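Report on the following structure.
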Amino acid sequence: MLCAMEQKAADITAMSFEQALQALEAIVRQLESGEVPLDESITLYERGEELRRHCQARLDAAQARIEKIVAGPDGAARATEPFSEGG
Amino acid sequence: MPGPFTDDNDAAGGLVAKGAPGDNAAPLSISEISALLKRTVEDRFGFVRLRGELSGVKRAASGHLYCSLKDDKARIDGVMWRGQADRLPFAPEDGLEVIASGKLTTYAGRSSYQIVIERMEIAGEGALLALLEKTRAQLAAEGLFAEERKRPLPYLPQVIGVVTSPTGAVIRDILHRLADRFPSHVLVWPVLVQGQGSAEQVAAAVRGFSALAPDGAVPRPDLVIVARGGGSIEDLWGFNEEVVVRAIAESTIPVISAVGHETDTTLADFAADRRAPTPTAAAEMAVPVRADLLALLGELAARKRRAILRPVSLGRERLEARVRRLPRGEALLQAPAQKLDELSERLRRGLADRATRAKDRLQADPARLSIALLQLRVQRAQDRLDAARIGPVLVTQRIAGGRDRLDALDRLRRQIDPRAPLARGYVLVVAPDGTMVKNRATAAAQPALALEFSDGRLDVLPVEGGTSPRRARSRRDEGTPRQDDLFG
């Protein structure tokens with residue numbers, strides 16, 4: 001049981017924001033349909049909560065970070081440096 | 001002008017050339033005339049602009065470009081040395097109408113002249129558009145613009161690569177719009193977006209982003225925006241060049257093209273996965289609005305909370321509905337009680353009905369019980385009675401018989417009546433208790449005695465001494481057993 005839970009948690013971590021959002025929406029719909037057995041609905045709810053936290057984390061982590069590519073002699077990107085407008 | 005050009009006709013007559021008197025012009029060697037020609041041509045046509053259609057375009061291994069310019073009646077060879085050819089903003093090809101600028105020169109070795117092209121431009125927008133269309137058709141034929149090549153953009157890119165000029169409004173617009181919608185990690189690959197070498201730089205940047213390893217030092221974008229502000233068709237020309245188009249088509253990262261204004265369309269736009277009308281629009285395509293997503297997330301969470309309570313409330317409702325439908329205790333008894341009442345009534349009525357029916361049947365069936373039937377039975381009984389011949393004589397005979405016997409017995413009785421002798425003077429001696437005294441001893445033992453005569457009783461007292469009475473009495477005693485026999 002615990003193993004399965006961890007497995008699920010790992011699944012969620014690997015999800016993109018959109019996947020997690022879609023999964024969450026699917027769970028909400030399922031719950032709203034009222035066709036899920038009560039006990040199962042609690043498990044679903046918990047998974048929904050995990051998904052919501054994941055999405056929230058992805059949104060919270062979003063911050064502007066603007067960099068400029070520094071190309072090497074071969075023209076390939078070698079490093080980045082902070083970008084300043086007009087620089 | 002004196003010289004070889006003014007020879008008279010007679011000069012044609014000689015077999016061997018000889019100098020004529022006064023002739024100070026020796027024959028010119030070919031090299032001399034060629035050199036003369038060259039100088040003349042180059043002096044006279046040191047700078048010309050020619051308009052014509054390119055044909056026989058050939059790029060030599062050396063990098064020099066050879067071609068011809070022609071119109072409907074004439075043609076002239078042309079050459080463009082590598083230095084200039086490399087800087088051409090377009091790829092010269094057959095059929096393209098160009099304006100070539102340069103100087104005329106001669107090529108002595110072949111008795112020909114040609115134009116050494118310094119600059120070559122496409123002859124007007126019409127020609128440019130014709131070239132564009134030709135390139136477009138060719139690349140489209142290769143399938144570079146095919147709809148099925150288009151990839152979906154990531155919903156929420158983690159890193160966005162932007163290929164554009166690091167200065168100017170374009171990058172500023174993109175960064176501002178991204179910041180408004182969803183602050184993101186942006187990598188700017190600075191390039192020239194106009195003029196010589198811009199196409200190569202743009203292509204190299206697009207390829208450079210694609211070449212980034214997923215876990216390398218430079219984060220690999222999951223979306224690339226190729227952007228440039230508005231401008232003339234010439235300004236935007238770099239984005240029509242094959243090298244840019246191919247780089248975009250071959251990009252391993254989805255590409256949004258945002259070149260020029262809405263009305264400007266470049267081949268880069270055709271090759272990109274999405275075309276944005278402006279750089280700002282590209283930023284809008286690139287990321288969703290973070291606030292919207294937060295709101296959506298909040299809404300989903302709220303719906304989820306509501307929904308999880310639903311099965312409970314639903315279950316409660318169902319339970320209550322069933323509880324409401326449970327009959328009350330008294331109601332449970334009502335129906336049986338009513339039934340009992342009904343059955344009782346039917347029982348009562350049934351009995352009455354049954355009696356009535358039986359009575360009806362009884363009365364309705366004259367054959368079973370009637371006066372006639374009774375009379376019949378009486379008659380029959382009468383007949384049987386008659387048949388039995390029972391008459392009063394049967395009784396009267398017996399009565400007569402009985403009476404005769406009774407009379408006989410009565411006569412006998414009177415003959416043996418113990419009191420009968422009384423009339424003839426005999427007496428009965430009786431003890432006080434009513435018993436007959438038969439002998440003297442008994443009489444002597446009695447306190448008192450009674451004597452019965454035919455006309456009544458006389459009480460007497462026994463006295464010792466007198467013998468006669470006792471004898472009399474003893475005689476009487478002798479008669480008694482005879483009486484017993486009579487009645488026995």
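These figures come from a predicted structure and were not determined experimentally.
Residue A:Gln19 does not touch chain B at all, counting heavy-atom pairs closer than 4.5 Å. Contacts between B:Leu212 and chain A at a heavy-atom distance below 4.5 Å involve the side chain alone, from C-beta outward. In this structure, no portion of B:Leu178 lies under 4.5 Å from any heavy atom of chain A. Contacts of B:Ala301 with chain A are made by both backbone and side-chain atoms, with heavy-atom separations under 4.5 Å. Of the two parts of B:Gln158, only the side chain, counted from C-beta on, holds a non-hydrogen atom closer than 4.5 Å to a non-hydrogen atom of chain A. When heavy atoms are compared at a cutoff of 4.5 Å, B:Arg305 approaches chain A by way of both its backbone and its side chain.
Under a cut-off of 6.0 angstrom, the local environment of CZ in B:Arg82 is sparse, with at most 12 non-hydrogen atoms contributed by other residues, nucleotides or ligands. Atom CD of A:Gln63 is surrounded by 12 or fewer heavy atoms from other residues, nucleotides or ligands within 6.0 Å.
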Determine, step by step, whether B:Val218 and A:Glu67 satisfy the side chain to side chain contact (heavy atoms under 4.5 Å, CB included) criterion, reporting the C-alpha distance in whole Å, the side-chain angles of both residues, the deciding distance to 0.1 Å, and the verdict. CA-CA 10 Å; B:Val218 176; A:Glu67 290 169 306; over 6 Å; no
Working for side chain to side chain contact (heavy atoms under 4.5 Å, CB included), residues A:Leu21 and B:Leu293: CA-CA 9 Å; A:Leu21 196 67; B:Leu293 291 180; 4.3 Å; yes
The test is side chain to side chain contact (heavy atoms under 4.5 Å, CB included); show your working for B:Ile308 and A:Ser41 and say whether it passes. CA-CA 7 Å; B:Ile308 193 63; A:Ser41 70; 3.6 Å; yes
Before giving the answer on side chain to side chain contact (heavy atoms under 4.5 Å, CB included), spell out for B:Val186 and A:Phe83 the whole-Å C-alpha distance, their side-chain angles and the decisive distance to 0.1 Å. CA-CA 9 Å; B:Val186 177; A:Phe83 176 82; over 6 Å; no
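By the 4.5 Å heavy-atom criterion applied to side chains, B:Leu300 and A:Arg52 are not counted as neighbours. Side-chain atoms of A:Glu18 and B:Leu156, non-hydrogen and from C-beta on, never get closer than 4.5 Å to each other. The shortest side-chain heavy-atom distance between A:Val28 and B:Glu299 does not fall under the 4.5 Å cut-off.
The shortest heavy-atom contact between A:Ala64 and B:Pro183 is N-CB, 3.3 Å. Of all heavy-atom pairs spanning B:Lys304 and A:Ile27, the tightest one is CD-CG2, 4.4 Å.
The candidate with the highest count of non-hydrogen atom pairs below 4.5 Å against chain A, out of B:Pro190, B:Ala204, B:Ala205, is B:Pro190. Note on A:Gly48, A:Ser33, A:Ser16, A:Pro37: by heavy-atom pairs under 4.5 Å with chain B, the leading option is A:Gly48. Looking only at heavy-atom pairs under 4.5 Å with chain B, the residue among A:Ala76, A:Ala71, A:Ala77 that has the most is A:Ala77.
Tested against B:Leu297 for a side-chain contact (heavy atoms from CB on, under 4.5 Å), the candidates A:Glu25, A:Gln56, A:Arg53 yield a single pass: A:Gln56.
With hydrogens and angles disregarded, a donor-acceptor distance shorter than 3.5 Å links the side chain of B:Arg290 to the backbone of A:Leu59.
Between A:Arg65 atom CZ and B:Ser184 atom OG the span is 12.0 Å, to the nearest 0.5 Å.
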